[in-house]
Amino acid sequence: MSQFTINLLFVGASFALYFGIAIWARAGSTKEFYVAGGGVHPVMNGMATAADWMSAASFISMAGLIASGGYANSTFLMGWTGGYVLLAMLLAPYLRKFGKFTVPDFIGDRFYSRTARLVAVACLIAASVTYVIGQMTGAGVAFSRFLEVDKDTGLIIAAVVVFFYAVLGGMKGITYTQVAQYCVLIVAYTIPAVFISLQLTDTFIPAVGLFSEHTQSGMPLLQKLDEVVRELGFRDYTADVDNKLNMVLFTLSLMIGTAGLPHVIIRFFTVPKVADARWSAGWALVFIALLYLTAPAVASMARLNLMTTIYPDGPTENSIAYDERPDWIQTWEQTGLIQYEDKNGDGRIQFYNDTPAFAEEATARGWAGNELNVNRDILVLANPEIANLPSWVIGLIAAGGLAAALSTAAGLLLAISSAISHDLIKGSINPDITEKGELLAARVSMFFAIIIATYLGMNPPGFAAQVVALAFGIAAASIFPALMMGIFSKRVNSKGAVLGMLAGLGSTLVYIFTYLGWFFIPETNTLANTPDNWLFGVSPLSFGAIGAVINFAVAFLVSSMTEDVPEEIQELVESVRYPKGAGGAVDH
């Protein structure tokens with residue numbers, strides 16, 4: 001049986017499961033569409049939240065970023081995990097106590113302002129659309145490889161699949177689909193990691209294998225990896241970062257951005273009680289940890305496997321001939337995600353860090369430039385093939401990668417559609433809309449959101465995890481401060497909240513667009529996205545933390561200069577602070 005057939009079997013079986021669940025759990029009311037009826041068990045919700053959280057960025061791209069950047073990119077692990085703790089402790093139970101459907105619901109009522117609700121909708125859409133670009137990009141990568149089509153075709157297939165089960169089932173269908181997707185993706189991620197850890201270190205627990213002895217060389221695995229990449233002009237894999245400020249700001253941006261992500265927050269509206277919201281968060285952390293403790297090992301071992309494939313006799317010896325390249329390189333070349341150019345005409349693959357610092361060594365070895373370009377987003381998906389694992393493992397990781405991308409994409413699209421149908425149309429434009437009309441509006445808005453996300457996925461401003469990091473920055477600068485001030489401060493009024501959100505969102509978007517293109521349109525950036533152009537050395541990916549400070553500062557300053565918060569709103573804040581007991585989600 002061919003590998004393509006095996007892939008189709010695994011992917012087809014998983015899709016049949018998702019479609020079956022979507023049909024079984026079809027949403028028949030707005031409550032089921034928005035919050036799955038409000039009766040999801042905490043363990044199930046924790047698993048669904050983990051699937052919602054462990055997106056294409058986590059499954060596909062995070063390990064690729066760590067593999068290419070080493071310790072410097074461990075910020076993704078620290079920021080995303082730490083942010084989830086913030087969400088569980090500071091936001092989830094209080095928002096559940098409030099008992100509404102969406103984040104703009106809370107902001108509009110807490111700040112007693114239709115304008116605040118509309119600004120919150122704009123912030124939510126900006127963050128969610130940016131985030132979904134990364135998911136669709138990752139889905140396109142996965143589909144292109146395992147269905148043997150080009151990336152854009154793969155992305156369109158992914159969009160059709162998400163449209164079917166997300167539009168049909170709403171939050172109810174998405175919740176139970178995500179439970180199934182979590183099971184698929186965690187098994188798919190873990191099994192290849194165990195195989196590869198056994199191959200390289202004789203240790204079956206990947207996280208332990210990362211710090212164990214490399215069997216072939218007898219050296220610690222990380223020391224061996226440092227030696228290999230150093231010989232080819234790359235930084236040591238375990239090297240420290242030069243710009244500590246940027247690293248701290250980036251980690252902080254990811255943390256508070258995590259706590260402000262609307263598609264994760266709305267998951268805590270689906271449980272019956274406030275206590276269940278806390279338990280959901282705890283279970284989600286357990287389920288997330290299974291992947292996040294494995295990811296650094298997967299990244300390190302993938303990088304070492306890639307290098308030793310190209311230089312089987314060591315980095316100081318001849319590389320493999322192009323005609324003798326393994327099958328997995330040939331397969332990925334068909335997708336365009338691996339590209340080769342024989343610059344010195346020797347028929348071999350030169351893969352090294354083509355920088356001025358390494359130019360003298362490269363010239364001495366007869367090299368005329370790096371000849372192999374490998375898209376970082378493919379490393380996890382290609383890992384089983386690089387390590388010559390059985391065909392069924394490759395099929396399994398195909399299903400897992402697609403599950404990761406589709407689960408988060410569905411959650412994001414639901415957040416976007418609910419913001420438009422519930423908060424914009426019902427909350428501001430047409431408060432008298434019927435439940436049937438609101439449900440139709442939600443599904444129509446999700447359709448258009450998928451169209452836009454597909455287009456932007458075809459023209460992304462970066463790798464999947466980098467695009468996702470931008471979304472975290474937007475959420476950090478706009479939504480998180482508003483939620484924190486709404487829960488823990490009686491002083492911030494509607495004018496302060498509105499101007500704070502606008503200042504945080506505006507400053508962050510301007511900074512991001514300056515370096516990555518206005519509205520992410522290619523070649524429209526004002527400045528090149530290089531460290532020497534960054535303001536005070538702050539990357540666009542890290543600016544969300546500064547945007548959050550701007551938001552807080554403007555909100556408190558404006559509130560201190562304008563009228564006090566009404567007494568009834570202060571009492572509302574006081575009641576929300578004590579998350580004991582909560583009613584069902586309120587449709588209004």
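One is the number of the first residue; the rest follow in order along the sequence. Worth knowing before you read on, the calculation uses all heavy atoms, side chains too, and leaves out hydrogens, waters and symmetry mates.
In summary, the side chains of Q350 and N344 do present a donor paired with an acceptor at a separation below 3.5 Å, with no hydrogens or angles considered.
In plain terms, the two heavy atoms of V229 and D226 that are nearest each other are CG2-O, 3.4 Å. Heavy atoms only, all atoms of each residue included: I550 and G504 are closest at CG2-N, 4.4 Å. Taking every heavy atom of both residues into account, I474 and L505 meet most closely at CG2-CD1, 3.6 Å. Across every non-hydrogen atom of P206 and S197, the tightest pair is CA-OG, 3.7 Å.
One distance of note links CG of L306 with CD1 of I378; it measures 8.0 Å at 0.5 Å rounding. Summarising the geometry, atom CD1 belonging to I265 is positioned 10.5 Å from atom OG1 belonging to T258; distances are rounded to the nearest 0.5 Å. Atoms CD1 and CE, from I186 and M47 in turn, are 10.0 Å apart once rounded to the nearest 0.5 Å. Note: D354 CG to L232 CG = 12.0 Å, rounded to the nearest 0.5 Å. Taking CG of L535 as the reference point, atom OH of Y511 lies at 5.0 Å (rounded to 0.5 Å). Between atom CG of residue D236 and atom OH of residue Y71 there is a gap of 14.0 Å, rounded to the nearest 0.5 Å.
The backbone N or O of A528 sits less than 3.5 Å from a side-chain atom of N533, completing a donor-acceptor pair. At least one donor-acceptor pair closer than 3.5 Å links the side chain of T363 to the backbone N or O of A359. At distances below 3.5 Å, not a single donor-acceptor pair connects side-chain atoms of T203 with backbone N or O atoms of V208. When atom types are taken as modelled, the side chain of T294 and the backbone of L290 share a donor-acceptor pair closer than 3.5 angstrom. Checking side-chain atoms of R348 against main-chain N and O of S319 turns up a donor-acceptor pair under 3.5 Å. Side-chain atoms of E213 never come within 3.5 Å of backbone atoms of M219 as a donor-acceptor pair (strictly under, hydrogens ignored). A donor-acceptor pair under 3.5 Å is formed between the side chain of S14 and the backbone N or O of V11.
Applying the side chain to side chain donor-acceptor pair (under 3.5 Å) rule to pairs touching residues 303-316 yields nothing, sequence neighbours excluded. Among residue pairs with one or both ends in residues 341-397, those qualifying as ring-ring contact (aromatic ring centres under 6.0 Å, His included) are Y352-F358, Y352-W367; sequence neighbours excluded. Evaluation of the ring-ring contact (aromatic ring centres under 6.0 Å, His included) test over residues 206-246, restricted to residues two or more places apart or in two chains, returns none.
Scored by the side-chain hydrogen bond (donor to acceptor under 3.5 Å, both in side chains) test, R235 finds no partners at all (sequence neighbours excluded). Residues passing the side-chain hydrogen bond (donor to acceptor under 3.5 Å, both in side chains) test with T355: none are found, sequence neighbours excluded. Partners of S539 according to the side chain to side chain contact (heavy atoms under 4.5 Å, CB included) rule, which considers only residues two or more places apart in sequence or in another chain, are N246, W534, L541, S542.
Ring pair Y340/Y322 is parallel by interplanar angle, where below 30° counts as parallel and above 60° as perpendicular. Between W80 and Y292, the ring planes lie tilted relative to each other; the angle falls in the 30° to 60° range.
Residues P326 and I329 are in side-chain contact: their nearest non-hydrogen atoms beyond the backbone lie under 4.5 Å apart.
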- [ ] I would like to know whether R325 and E333 meet salt bridge (charged side-chain N to carboxylate O under 4.0 Å, His left out); could you show each step before the answer?
- [x] CA-CA 11 Å; R325 69 195 186 283; E333 279 183 301; 2.8 Å; yes
